[in-house]
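Structure, as structure tokens:
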Amino acid sequence: MPFNRHAVDHVLFPDLTPSPVSVKSGVLPSQDIRDLISAGRVQGRSPILDQQIQPASLDLRVGEVAHRVQASFSGQYSTVEQRVNGLRMSRLDLTSSTVLEKGCIYVVPLIEEVHLPDSVSGKANPKSTTGRLDVFTRLITDYGVEFEFVPGGYKGRLYAEIVPRTFSIRLPAGTPLNQLRFFRGNPLASDSLISMLDQQEALVYSREESPVKAQVDNGLRISVNLHSVAPSEIIAYKAKKNAPIVDLSKVNHYSPDDFWDPKYHVSDKGLILDPGDFYILASKEQIRVPPDYAAEMVPFDPSIGEFRIHYAGFFDPGFGCGVSDIKGTRAVLEVRAHEVPFLIEHGQIVARLAYMRLLKPPDKVYGLGIGSSYQRQSLTLSKQFKKTCVLG
């Protein structure tokens, strides 16, 4: 049955009818994502599970086949399938025990596909676990001009480009590697709005759980922690070279010692990042994202230095807040140096956090109640690794 796009828009978003008090731009909350699915605007080649619906995003699952290709590409001038057919080196079956080798490029059709209204666009990010394993992934669409972006009115399949950078991985079909958020208009909050929000409910706390005035300049500024409060506290992890394979279906399974070199208190001179190596660090600040906002960490800013926060992390509504009075949660930073060794120091600004307004508060809030893995994290590896006693 053909879609009546205008009728569906009206049913899905009745509160968005223009009025002096309506919120016209914003990220769709969980209940609106559920409505998109019910209306057939988001479909799956297998049923979409409620656990995929996050407070302001939808987890996207890899399908049954991965294509190893010669080179990365954008879909601007063709369908993704046409481009894959010209670049494919081999086809892998993800329903068996298949390994994606580090340093190789794969394109995987996702289980989910979309038929978006003209007024609704999409933006993808790697999931936290994906970034902490240094698995580079980004969304591709047919005839897409931008990676990670789904234009309003797009109808078709979604694909993930996947490049394991540090560890070879076993990737079973159905594993979610990235997440897609939906939005209308421009949901980004201005600096003045972020500052006002900080005055209302404190966006930043110290590790002593005292409120700290937010540093706002083109988003909320985030600095790195390199100081420990005890000799046993780990302040950074450096990925080992030639580590074993990581099976993404395993949880709390691997010993960190086989994959990571821990760094304890470093000298007051700071930490030297070696080019090409991958590090996990944590923010000095404890961050909060109110339930009616989401946030995204800006992954690269040339003005900050010769390194990059490697992945564009997405922070769901309620991060560091939940439904209780949590005094913020530290952001985990996936860091890689550029072409030369680079010294970072305690308290150095390393990233910015962009806040985005939601169209309405979600019916799910980030936290332990919905199975969120990192609500009270300190310096935390991905969920595949056994938990270690790290002081927060």
Side-chain angles (χ1 to χ4, degrees), residues 102-103 126 128-136 163-168 204 206-207 215 217-244 246 254-287 297-313 329-353 374 377-382 385 388-392:
K102 68 177 181 180
S128 296
T129 293
T130 309
R132 294 179 201 197
L133 289 172
D134 197 19
V135 178
F136 178 84
V163 185
R165 297 289 303 275
T166 293
F167 310 117
S168 295
V204 181
S206 69
R207 63 191 299 177
Q215 297 186 56
D217 180 9
N218 195 26
L220 176 66
R221 289 187 162 209
I222 304 294
S223 66
V224 66
N225 175 68
L226 294 178
H227 283 182
S228 59
V229 296
S232 61
E233 181 184 1
I234 299 171
I235 55 89
Y237 288 98
K238 180 180 179 180
K240 291 185 175 181
K241 299 182 185 297
N242 303 314
V246 179
Y254 297 103
S255 169
D257 293 340
D258 294 333
F259 297 82
W260 303 94
D261 288 322
K263 304 288 184 182
Y264 298 91
H265 180 76
V266 298
S267 72
D268 291 336
K269 295 181 180 179
L271 176 67
I272 295 177
L273 304 177
D274 295 318
D277 285 341
F278 182 66
Y279 298 80
I280 301 287
L281 300 105
S283 66
K284 178 183 173 184
E285 301 83 3
Q286 297 185 178
I287 307 301
M297 187 176 293
V298 178
F300 174 67
D301 186 339
S303 68
I304 287 175
E306 290 299 317
F307 68 96
R308 66 171 290 166
I309 302 300
H310 198 50
Y311 296 97
T329 299
R330 292 164 74 184
V332 167
L333 312 169
E334 301 106 9
V335 178
R336 185 184 295 276
H338 287 321
E339 300 301 321
V340 298
F342 188 82
L343 174 73
I344 59 171
E345 300 175 84
H346 178 72
Q348 180 174 341
I349 301 297
V350 293
R352 293 183 173 93
L353 200 62
Y374 308 114
Q377 70 188 356
S378 51
L379 180 64
T380 308
L381 297 172
S382 71
F385 297 100
T388 57
C389 182
V390 180
L391 298 178

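Atoms considered below: every heavy atom in the structure, side chains included; atoms not considered: hydrogens, waters and symmetry mates. A quick note: this is a predicted structure, and the numbers were derived from the prediction, not measured.
Contact annotation: the side chain of Ile280 never approaches that of Leu333 to less than 4.5 Å [non-hydrogen atoms, C-beta and beyond]. Arg330 has its side chain within reach of Asn225: a pair of non-hydrogen atoms, C-beta onward, lies under 4.5 Å apart. Side-chain contact between Lys263 and Leu281 is absent, with no heavy atoms from C-beta onward closer than 4.5 Å. At a threshold of 4.5 Å between non-hydrogen side-chain atoms, the residues Ile344 and Leu226 count as touching. Within the 4.5 Å cutoff, the side chain of Leu133 has heavy atoms near those of the Val246 side chain. Looking at heavy atoms from C-beta onward, Val204 lies in side-chain contact with Leu220 at the 4.5 angstrom threshold. No side-chain heavy atom of Ser223 sits less than 4.5 Å from a side-chain heavy atom of Val350.
Annotation for Glu233 and Tyr264: closest pair O-CD2, 3.4 Å, computed over non-hydrogen atoms. Across Val163 and Gly103, no two heavy atoms sit closer than the pair CG1-C, 4.4 Å. Looking at every heavy atom in both residues, Arg132 comes nearest to Thr380 through NH1-O, 3.0 Å. Residues Lys102 and Asn242 approach most closely at NZ-N, 3.6 Å, considering heavy atoms. Scanning all heavy atoms of the two residues, the minimum distance from Ala236 to Leu271 falls at CB-CD2, 4.3 Å. Nearest heavy atom pair, residue Lys284 against residue Gly347, reads CD-CA, 4.1 Å.
Ring centroid separation for the pair Tyr254 and Phe259 comes in under the 6.0 Å cut-off.
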side-chain hydrogen bond (donor to acceptor under 3.5 Å, both in side chains) between Ser206 and Gln286, worked out: CA-CA 6 Å; Ser206 69; Gln286 297 185 178; over 6 Å; no

Mind running side chain to side chain contact (heavy atoms under 4.5 Å, CB included) on Tyr237 and Leu379 for me, showing each step along the way? CA-CA 9 Å; Tyr237 288 98; Leu379 180 64; 3.8 Å; yes

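The distance from the CG atom of Asp134 to the CG atom of Asp277 is 10.5 Å, given to the nearest 0.5 Å. A distance of 10.0 Å separates OH of Tyr279 from CZ of Arg336, quoted to the nearest 0.5 Å.
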